[in-house]
Every structure is written in structure tokens, then in C-alpha cells.
Amino acid sequence: MIEASCHCGAVRLELPRAPRRLLDCNCSICRRNGGLWAYYTAHSVRFRYRKRDVETYAWGDRMLRYIRCRHCGCLLHWEPTRRTSASRVGVNMRNVDPALIAKVRVRRFDGAKTWKFLD
Ligand SMILES: [Zn+2]
């Protein structure tokens with residue numbers, strides 16, 4: 001198990017394993033947030049936070065929402081607005097111990113235009 005936590009510790013995620021790949025996306029929200037994403041099925045992640053400790057953001061077709069700590073502002077993950085145990089969630093791996101992902105390959109993804117990898 002590896003843990004992702006915000007800076008103040010109010011929001012924590014327990015992840016089953018380190019990812020095999022990380023994704024650096026240039027879409028309109030990812031480039032602003034500076035996220036470094038790994039994907040997990042929702043049922044494999046333990047979401048350890050109180051609802052009142054997070055803020056969510058959704059836009060456009062509102063299929064996804066981004067979840068950040070209400071206190072320290074760190075962006076932890078995104079999830080489908082109707083999350084089920086089979087849903088895929090994106091976890092911002094900037095919130096884990098950097099040593100745990102130091103050797104994981106980062107792929108650059110063109111989420112802004114082509115939806116293809118740039119590398
Ligand atoms: Zn926090």
C-alpha cells in the first residue's frame with residue numbers, strides 16, 4: 001500500500017501499489033494544476049477523508065470532478081461524478097513520497113488537442 005496525502009493531512013488516499021506509468025497531461029485543467037496522474041479502479045483505493053474537508057470542481061459536461069483539500073488546497077484526485085466501485089479514478093501522484101515514483105516512466109499526453117502521446 002502507498003499513501004497519497006495532501007499537505008495538511010486532512011485528505012488521504014491509500015493506493016494498492018505504485019503505478020507502472022505516470023501521465024503528464026496538457027489539457028486546460030491539468031496544465032494549470034500540474035498534476036501527475038496514475039489510474040486506479042475506485043474499489044482498489046481507500047478514500048480517507050471527510051466530505052467537509054474537500055472541495056470539488058466540475059465543468060462542461062460534468063462527467064468528472066476534481067477533489068482538493070479545502071484547507072491546504074492540494075489537488076488529490078479526479079473521479080466520475082457518479083463514482084461506482086468499477087469506476088476509474090485519477091490520482092495526483094505529486095501527493096506521494098517522491099521516492100516511490102522516482103523510477104516510474106512519465107508519459108506526456110496531449111489532452112489539449114489530439115488525445116495522443118507526445119513522446
Ligand atoms: Zn490538506
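Order of appearance sets the numbers: ligands from 1, and atoms from 1 within every ligand. Heads up: numbering here begins at 1 and tracks the sequence.
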- Residue that, paired with Arg108, satisfies side chain to side chain contact (heavy atoms under 4.5 Å, CB included) out of Asn26, Leu118, Leu23: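 It is Leu118; the other options fail the test.
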- Output yes when Arg50 and Asp53 qualify as a salt bridge under the 4.0 Å nitrogen-oxygen rule, no when they do not.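 Result for this pair is yes, salt bridge flagged.
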- Query: Going from SG on Cys27 to CZ on Arg32, what distance comes out if it is rounded to the nearest 0.5 angstrom?
  - Reply: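 If we round to the nearest 0.5 Å, Cys27:SG and Arg32:CZ are 9.5 Å apart.
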Look at the N, O or S atoms of [X], main chain and side chain alike, and state whether any lies under 2.8 Å from the Zn ion (ligand 1).
X     : answer
Cys74 : no
Cys72 : yes
Cys6  : yes

- Message: Classify the ring geometry of Phe117 against Phe109: parallel below 30°, tilted from 30° to 60°, perpendicular beyond 60°.
- Response: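 The rings of Phe117 and Phe109 stand perpendicular, inter-plane angle above 60°.
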